[in-house]
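In this chain, numbering begins with 1 at the start of the sequence shown.
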Amino acid sequence: MFVAQNEEGQLIEASQVKEVGVSHFVCPGCQQPVLLRCGRLKTAHFAHQRHCVCARTAEGETQEHLIGKQALQQFFEARGYSVQLEQYFPVIQQRADLVIYKNQRVIALEFQCAALSFQQVQKRSVGYRQLGIVVLWILGERYQKRKEWTRLGCNFGFWGAKQALPHIYFWQSQRGLFSIPWQHVDHDRKVNQGKLGQTNFKQLAWCQAQALHRIQRYGRGKLRVLAVNLYQKGHCLDGIPWPAHGLTPQIGGLNEPYWLVRLRLLLLLEQGACNWRNLMKWLEQFQWLVPNLISLQRVQELWLQQVLDEWQVQQVISCDAEKYQLQEPLVWYTDINEKLAALPAWLLRMKIKESGYYNGK
């Protein structure tokens with residue numbers, strides 16, 4: 001840590017102390033002695049003595065974390081923020097990595113480099129909310145190596161006032177502060193890993209269709225039950241209508257295959273028109289990742305609105321007297337070959353809106 005208390009109770013930054021190894025400083029949180037450490041390769045910082053137990057520093061502090069906090073301090077100061085390094089809040093017994101102030105707005109920054117459970121993230125976030133302080137989690141290199149970022153959005157997603165979607169924030173020494181929207185597309189590794197604007201829709205549709213073909217043959221559990229129910233109605237799982245496939249990113253949070261929920265939504269509308277309230281109630285039956293910093297209801301509302309808007313653009317559904325209904329009967333396919341043969345015509349019909357988050361080609 002960079003800040004400790006001296007004998008007079010004043011907060012002192014490690015960079016201001018000249019004498020190395022002195023022990024007349026204490027941790028602002030646990031009030032136990034800390035030592036000043038620095039060198040040619042190490043950034044000047046305070047460290048607890050061996051075998052000392054401090055809840056805030058139990059996960060340890062790496063060089064990446066120390067350097068990152070300093071870099072973030074410089075980053076926000078250069079943009080006009082007043083920055084307090086390692087401010088301690090005695091009421092909730094938490095110390096933020098940084099607290100930034102601007103135009104009467106207060107934001108606690110947590111630069112997370114080590115592994116942290118959802119329960120710990122939630123506990124810290126709740127503490128800040130009790131004080132009326134917004135918290136922004138910024139993730140280090142460890143989290144940037146993840147192959148799947150859907151759950152990261154659940155734990156660390158931040159929804160700014162001017163953002164259409166929640167974002168996950170990262171810090172890199174060379175790139176600086178950057179973020180990716182919390183989005184998901186079935187079987188699209190590029191979107192799910194934050195590499196936006198690189199997806200080929202035809203290739204993605206083919207991958208999704210092949211995945212359904214495998215489920216048709218080898219699926220178990222409720223997917224097998226769904227396949228049997230469709231068969232009894234004269235349909236097959238790998239021949240579901242193309243609108244059930246999501247080829248453009250949607251907000252993260254759904255803990256089930258997106259195509260499954262989209263298909264069941266089409267089947268629901270096939271039975272008759274539904275209003276917004278009933279559709280929202282219907283969504284509650286599915287499994288959702290409960291987000292830490294965002295209302296689950298708000299996530300569900302955006303998920304549903306995105307699907308309905310997409311289908312209205314494609315003229316799959318219409319909205320009349322605040323009720324959503326199918327414009328024409330769904331087109332089912334007898335097998336995967338017939339379905340793939342119809343793909344070019346469907347892609348021509350699709351009217352995918354470009355946005356700042358995604359530009360499929």
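Side-chain atoms of Glu64 come within 3.5 Å of backbone N or O of Glu141 as a donor-acceptor pair. Remark: the backbone N or O of Leu85 is not paired with any side-chain donor or acceptor of Lys69 at under 3.5 angstrom. Under a 3.5 Å cut-off, the side chain of Gln130 and the backbone N or O of Gly132 do not form any donor-acceptor pair. With Gln210 contributing its side chain and Trp206 its backbone, the two residues share no donor-acceptor pair below 3.5 Å. For the pair Gln287 (side chain) and Glu256 (backbone), a donor-acceptor distance under 3.5 Å is absent. Panel note: side chain Trp311, backbone Pro243; a donor-acceptor pair is recorded below 3.5 Å. The backbone N or O of Leu302 lies less than 3.5 Å from no partner atom in the side chain of Gln305, so there is not a single donor-acceptor pair. Proximity of a side-chain donor or acceptor of Asn103 to a complementary backbone N or O of Arg105 within less than 3.5 Å is not detected.
Contact annotation: the side chain of Arg124 approaches that of Leu116 to within less than 4.5 Å [non-hydrogen atoms, C-beta and beyond]. Between Ser318 and Gln327, the closest side-chain pair of non-hydrogen atoms falls below 4.5 Å. Side-chain contact between Gln208 and Trp259 is absent, with no heavy-atom pair separated by less than 4.5 Å. The shortest distance between side-chain heavy atoms of Phe158 and Val135 does not fall below 4.5 Å. Between Phe76 and Leu98, the closest side-chain pair of non-hydrogen atoms is not below 4.5 Å.
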Next item on the list: Quick one: do Leu293 and Leu136 satisfy side chain to side chain contact (heavy atoms under 4.5 Å, CB included)? Show the steps, please.
Entry: CA-CA 9 Å; Leu293 302 175; Leu136 171 60; over 6 Å; no
Notebook entry, point to check: Between Gln312 and Tyr324, is a side chain to side chain donor-acceptor pair (under 3.5 Å) present by the stated rule, with each step listed?
Noted result: CA-CA 9 Å; Gln312 287 185 85; Tyr324 296 91; 4.8 Å; no
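A donor-acceptor pair shorter than 3.5 Å cannot be found between the side chains of Gln74 and Gln70. Looking at Gln94 and Tyr88, their side chains never bring a donor and an acceptor atom within 3.5 Å of each other. Side chain to side chain, His65 and Asp97 meet the donor-acceptor criterion of an N or O pair below 3.5 Å. Side-chain contact check for Ser125 and Gln122: no donor-acceptor pair (N or O, by modelled atom type) lies under 3.5 Å. Side-chain atoms of Arg175 and Gln144 include no donor-acceptor pair closer than 3.5 Å.
In this structure, the side chain to side chain contact (heavy atoms under 4.5 Å, CB included) partners of Ser179, at least two apart in sequence or on a different chain, are His167, Tyr169. Every residue two or more places apart in sequence or in another chain that forms a side chain to side chain contact (heavy atoms under 4.5 Å, CB included) with Arg79 is listed here: Phe75, Tyr81. Applying the ring-ring contact (aromatic ring centres under 6.0 Å, His included) rule to Trp276 yields no partners; only residues at least two apart in sequence or on another chain are considered.
In this structure, CG in Asn292 is found 10.5 Å from CD in Gln119, a value given to the nearest 0.5 Å. Here Tyr231 contributes atom OH and Asn229 contributes atom CG; the two are 13.0 Å apart, rounded to the nearest 0.5 Å. Here the straight-line distance linking atom CG of Asn255 with atom CZ of Phe286 works out to 13.0 Å at 0.5 Å rounding.
Of the residues listed (Gln183, Arg262, His184, Glu310), the one engaging Gln250 in a side chain to side chain donor-acceptor pair (under 3.5 Å) is Arg262, and it is the only one. Evaluated for a side chain to side chain donor-acceptor pair (under 3.5 Å) with His213, the options Asp335, Asp238, Asn337 yield exactly one hit, Asp238.
The aromatic rings of Trp242 and His245 sit tilted relative to each other, their planes meeting at an angle between 30° and 60°. In this pair, Tyr143 and Phe156 present their aromatic rings perpendicular. The plane angle is above 60°, beyond the 30 to 60° band.
Both Met280 and Leu265 belong to a common hydrophobic cluster when Ile, Leu, Val, Met, Phe, Trp and Tyr are linked at side-chain heavy-atom distances under 4.5 angstrom. Hydrophobic clustering places Leu268 together with Val316 (ILVMFWY residues linked when any side-chain heavy atoms are closer than 4.5 Å, directly or through intermediates).
Residues Leu330 and Glu270 share a closest heavy-atom pair of CD1-OE2, 3.9 Å. The shortest non-hydrogen separation linking Pro344 to Leu340 is CD-O, 3.7 Å. Among all heavy-atom pairs drawn from Leu296 and Leu289, the shortest one is CD1-O, 3.9 Å.
Counted within 6.0 Å of NZ on Lys102, heavy atoms from surrounding residues, nucleotides or ligands total more than 12; the atom is thus considered enclosed. By the neighbour-count criterion of 12 heavy atoms within 6.0 Å, atom CD of Gln297 is sparsely surrounded, having that number or fewer from other residues, nucleotides or ligands. Other residues, nucleotides and ligands place more than 12 heavy atoms under 6.0 Å from the CD atom of Gln285.
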